Amino acid sequence: MVNRPARLSNRQIWLVFAGLLVGNFLSALDTMVLITALPSIVGDLGGLNHISWVVTAYLLSSTTSAPIYGKLSDLYGRKRLYQLAIAIFVVGSIASGLSRDIVELIAARAVQGMGAGGLMVLSMSIIGDIVSPRQRGRYQGVMGSSMAVASLLGPIVGGFCVDHLSWRWAFFINVPLGVIALAVTGTVLKLPARAIIRRRFDIAGTLCLMGSATAVLLAVTWGGDEYAWDSPVILGLALGALALVALLIRIERRAIEPVLPLRLFRSDIFDVTVASAFILSVGMWAGWVAMPVFLQVVVGVSASNSGLLTFPLLGTVTLSSIITGRLITRTGRYKIFPVAGSVVATFAFFLYSRLDADSSRFTASAFMIVLGLGLGMWMQTLVTIAQNAVDYRDLGIATATLNFFRSLGGSIGATLALALLNSRIGGEVASRLSPTELSALNPAVLRGDPKHVDALPPDIHEKVAHAFAAALHMSFLSAVPWGLAGVAVILFLREIPLEDDMPVASELTDDVESTPPEHLSPIP
């Protein structure tokens, strides 16, 4: 029997959406708060040599767990799985705040990441459960804007915790937010049901997917930093990732319920959406990670003020996302928005490359407004497009796959930008300083430490600022070809008008009573 789930009332939708916003806001806020608190964490716990793993552990577990959440939610429902993700995130937050040394913190951050991997994917998937394809745009737009708000508030909240409380409150603050999200979703969230069918979970495919993703992320994280790009470690990781991907494809062709169904990639719309998300994320993050360095080292603003100076970018992303979502809902058409957004974002990448040591804060803010306008038109729109391109049974894994490639692209973009900066800054500084000045320079200056740069004598400070501006030029410019490639890909997007009917759920039963897969414990 095929039927359509009854629509929730507007009040019920907005109550559920409020809970989803809190859950999505949790993961986005946590990352930005942590960046501000890291120096204090190092000062308290030590372990400077391992501090990068505080971020890497979270990135690895959140990225690799996302597809698993997506597939499990398609098979057995999303409500309890979403609540489980919130609970895991809160437990990881408490453990992070109680950590006594850097090793405990890294382990706790990995737990946090396991929860975060489900928060974003399941929140966007649940929107697909309760809202028709045509109506999703307005909600996805607001969901995307919540990430922008979290990016703005993160440094402020982190700075307040460090200055007036303790860095541990950067993690404890997640607890009340998590409780609110659990209470709201537990009370009002009612989702389309899943048929009671006994299925064998794709363990082999899951292991291959997690292994290949981990190998890629470690390669882009360590390459050019911990190890040379042509070192045996990086080359081994790359070859291992390729071998696991080949094995994954072979397994998924035979699996009854593959963790990553190859049927998704038979849709040209889905393929174009995923490819453009990956490519444009590379360019976006190349500019995103380089801008704070420009503001703090070249312009000379503090870390907290540099966060406030990104308000034009984040505010424009918010407004652009909301307006785009409403226009999609009103018209039922979407192609023009990612195409126009990609063009505008690419133009912003080019504008970023024109920044130099003489550029004013106003100029940087104006360029950020252009980028925010472009990002707001395509970031969350791609989620709506991907969900509309696949069968309802694959809504969760399609959403997770899109986010997986977007995260992967962001990791590559950030690594590329920082690698270009590190490869050029030494030569740029050496060309501007005398041998005597260069020999007396603290190595922390070349790492872009704002405190050590600010402490330089005025004449040397000016030379170093110009050196960083010149080195950052290539980091910003590297985003342009990625943007152009993204525009070329998105032009091939085929548009299917969005329907105003609710998605179809087959053989409806109670969502919370679905039979767990063989060899997998029931979701509590």
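In this text the structure is predicted, and so the values were computed from the model without any measurement.
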Which heavy atom in [X] sits nearest to a heavy atom in [Y], and how many Å separate them?
| X | Y | answer |
| --- | --- | --- |
| Val489 | Ser276 | CG1-N, 4.1 Å |
| Trp482 | Ile279 | O-CG2, 3.0 Å |
| Leu81 | Ser73 | CD2-N, 3.6 Å |
| Ala400 | Val121 | CB-CG1, 3.6 Å |
| Ser407 | Thr63 | CB-OG1, 4.1 Å |
| Ala219 | Leu237 | N-CD1, 3.8 Å |

Taking the side chain as every heavy atom from C-beta outward, state whether [X] and [Y] have any pair of such atoms under 4.5 Å apart.
| X | Y | answer |
| --- | --- | --- |
| Phe476 | Leu421 | no |
| Phe349 | Leu371 | yes |
| Met210 | Ile68 | yes |
| Leu260 | Pro67 | no |
| Leu60 | Leu218 | yes |

Can you tell me how far apart [atom1] ([X]) and [atom2] ([Y]) are? Round to the nearest 0.5 Å.
| X | Y | atom1 | atom2 | value |
| --- | --- | --- | --- | --- |
| Trp285 | Ile412 | CH2 | CD1 | 13.5 Å |
| Asn403 | Leu382 | CG | CG | 10.5 Å |
| Tyr352 | Ser478 | OH | OG | 13.0 Å |
| Ile269 | Ile385 | CD1 | CD1 | 8.5 Å |
| Ile126 | Lys79 | CD1 | NZ | 10.0 Å |
| Thr273 | Leu264 | OG1 | CG | 11.5 Å |

Pair Thr401, Phe265 - check side chain to side chain contact (heavy atoms under 4.5 Å, CB included), show working.
CA-CA 11 Å; Thr401 301; Phe265 301 98; 4.1 Å; yes
In terms of heavy-atom contacts, does CE of Met368 have more than 12 from other residues, nucleotides or ligands at under 6.0 Å?
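Yes.
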Taking everything shown except Arg250 itself, do over 12 heavy atoms lie less than 6.0 Å from its CZ?
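No, CZ of Arg250 has 12 or fewer neighbouring heavy atoms, counting only those of other groups under 6.0 Å.
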Residues Leu209, Lys71; criterion side chain to side chain contact (heavy atoms under 4.5 Å, CB included); working and verdict
CA-CA 12 Å; Leu209 179 63; Lys71 183 60 181 181; over 6 Å; no
Under 3.5 Å, is there a donor-acceptor pair between the side chain of [X] and the main chain of [Y]?
| X | Y | value |
| --- | --- | --- |
| Thr324 | Ser321 | no |
| Arg406 | Met379 | yes |
| Arg168 | Ser99 | yes |
| Gln387 | Met124 | yes |
| Asp101 | Val103 | yes |
| Ser320 | Val317 | no |
| Glu252 | Leu262 | no |

As a quick check of understanding, evaluate side chain to side chain contact (heavy atoms under 4.5 Å, CB included) for Ile88 and Val111, giving each step before the final call.
CA-CA 7 Å; Ile88 292 174; Val111 174; 4.0 Å; yes
Matching residue for Phe89 among Ile94, Asn174, Leu84, Val175 - test: side chain to side chain contact (heavy atoms under 4.5 Å, CB included)
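Among Ile94, Asn174, Leu84, Val175, the one meeting side chain to side chain contact (heavy atoms under 4.5 Å, CB included) with Phe89 is Asn174.
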Arg109 vs Gln112, side-chain hydrogen bond (donor to acceptor under 3.5 Å, both in side chains): CA-CA, chis, key distance, verdict
CA-CA 5 Å; Arg109 287 284 291 168; Gln112 253 194 316; 2.9 Å; yes
Start with the C-alpha distance between Leu248 and Leu244, add both sets of side-chain angles, then the distance that settles side chain to side chain contact (heavy atoms under 4.5 Å, CB included), and finish with yes or no.
CA-CA 6 Å; Leu248 173 65; Leu244 287 171; over 6 Å; no
